[in-house]
Amino acid sequence: MKTLDVIIPFYNEEECINPLIEELFNLRNTLKDTLDVNFIFVNDGSTDNGAKLIQDKCSQNNFIKLINLSRNFGHETATTAGLDYSKGDYTVIIDADLQDPPNLIPEMYKILCENNCHVVHAVRKHREKETLFKKISADIFYRILKIFSTNPVTTNSGDFKLFTADVRDAVKSIREHNRYLRGIIDWSGFKSTYYYYNRAGRKAGKTKYSPQELFVLAFNAFISFADKLVYLILIFAFLFLIFSIILIFFRKYTMGALVFIQAIQTFAIGLIGIYIKNISQDTKNRPLYFIDTKYNLD
Ligand code: UDP
Ligand code: MG
């Protein structure tokens, strides 16, 4: 039987653990004739009793695994730790607060098989109990990222995704520190499809992302994936140049000369930016490509 690993990073989610485990047992039961399901919990340096609750379950159930990280490394890194230990044919990432309901996973698996693809992105139709600020900022963020990214960007989808071992191994091979997993999965380029759902509010507790942390996540995403952003500087340089020519044409020589110097400076900054972009791409050492299928080759 094929295997599915459910990766669950968590940080101080004590109140959610028991209802979550109940849902996960239901999931295992629903899929018992189709998939052998394992749960990989990653404790991201929690200071509450959540890990202890899971540890107790580990002793009775071999399919429940627990990784305790040495401290809080953040959601993206904790998820990566889970992926590193995932060996199944399929992997799905969920949050611990039941905002990504495990009972949707069988349907996502069905869609993956029917469409013969590698990734199913769970896309949020509605976001319940989220502030207007978060909804609007998420919308603006995805729009801008889409404009400035060379690669396709999946909008309104968090980390709730089901994917094949090929995708998981591709993601595992990318080891950059400023991680933005959604971007990495999109970047890997494997054929994907969507599953639309209404994202409910948290089961209990509070969001672990402060507005500042969300900003840092968005900023990391831009730095890593909005690779066209640097060309904006060159466009500004060009606009300055045109402006300086217009000024000179109208005999505003001093102003024209100043704007011309500005154009050259902006161009120089853009050029340096492009060199740095290329250097940073090389230091990230991302694989050059991933293979979907091969014929008559090992
Ligand atoms: N999380 C984590 N480490 C952190 C912050 C969050 O592992 O430093 C986990 C958290 O416990 C949850 C998931 O990441 O399982 C998503 O976090 P949260 O629900 O707070 O984010 P939101 O849904 O509000 O975007
Ligand atoms: Mg949440």
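Order of appearance sets the numbers: ligands from 1, and atoms from 1 within every ligand. No experiment lies behind these values; they were computed from the predicted model shown.
Residue contact check for ligand 1: K203 places no non-hydrogen atom closer than 4.0 Å to it. Not a single heavy atom of E76 sits under 4.0 Å from any atom of ligand 1. Distances from ligand 1 to the non-hydrogen atoms of R202 include at least one value under 4.0 Å.
Ligand 1 places these atoms under 4.0 Å from at least one heavy atom of E13: 10 (C), 11 (O), 12 (C), 15 (O). Short contacts between ligand 1 and R199, defined as distances under 4.0 Å to a heavy atom of the residue, involve ligand atoms 23 (O). Atoms of ligand 1 lying under 4.0 Å from any heavy atom of K134, numbered from 1 in the order shown and given with element: 22 (P), 24 (O), 25 (O). Every atom of ligand 1 is numbered from 1 in the order shown, and the set under 4.0 Å from a heavy atom of F10 is 7 (O), 11 (O). Of all the atoms in ligand 1, the ones that sit under 4.0 Å from a non-hydrogen atom of D44 are 2 (C), 3 (N), 4 (C), 7 (O), 8 (O). Interface of N72 with ligand 1, defined as ligand atoms under 4.0 Å from a residue heavy atom, comprises 3 (N), 4 (C), 8 (O).
A donor-acceptor contact closer than 3.5 angstrom is absent between the side chains of H118 and K191. No hydrogens or angles considered: a donor-acceptor pair under 3.5 Å links the side chains of T154 and D186. Side-chain atoms of H126 and Y197 include no donor-acceptor pair closer than 3.5 Å. A donor-acceptor pair shorter than 3.5 Å can be found between the side chains of Q99 and R199.
Ranking the protein heavy atoms by distance from atom 21 (O) of ligand 1 puts Y209 CD1, 3.3 Å first. The single protein non-hydrogen atom nearest to atom 24 (O) of ligand 1 is T207 OG1, 2.5 Å, given as residue, atom name and distance. Looking at atom 19 (O) of ligand 1, its nearest protein heavy atom turns out to be D97 OD2, 2.7 Å.
Taking the six-membered ring for Trp and thresholds of 30 and 60 degrees, F225 and Y180 have ring planes inclined between 30 and 60 degrees apart. Taking the six-membered ring where the residue is Trp, Y194 and Y196 present tilted rings, their angle falling between 30° and 60°.
The aromatic ring centres of F141 and F222 sit less than 6.0 Å apart. Ring centers of F163 and Y90: at least 6.0 Å apart, outside the cut-off.
Using a 4.0 Å cut-off between a side-chain N of Lys or Arg and a carboxylate O of Asp or Glu, R143 and D139 qualify as a salt bridge.
Among the atoms of T207, no N, O or S atom falls under 2.8 Å of the Mg ion (ligand 2).
Ligand 1 has an N or O atom lying under 3.5 Å from an N or O atom of K208, backbone or side chain. Looking at ligand 1, you'll find an N or O of P9 within less than 3.5 Å of one of its N or O atoms.
Looking at D97 and the Mg ion (ligand 2) together, the shortest N, O or S contact belongs to OD2.
T3 pairs in a side chain to side chain donor-acceptor pair (under 3.5 Å) with only one of the listed residues (N38, D36, D89), which is D89.
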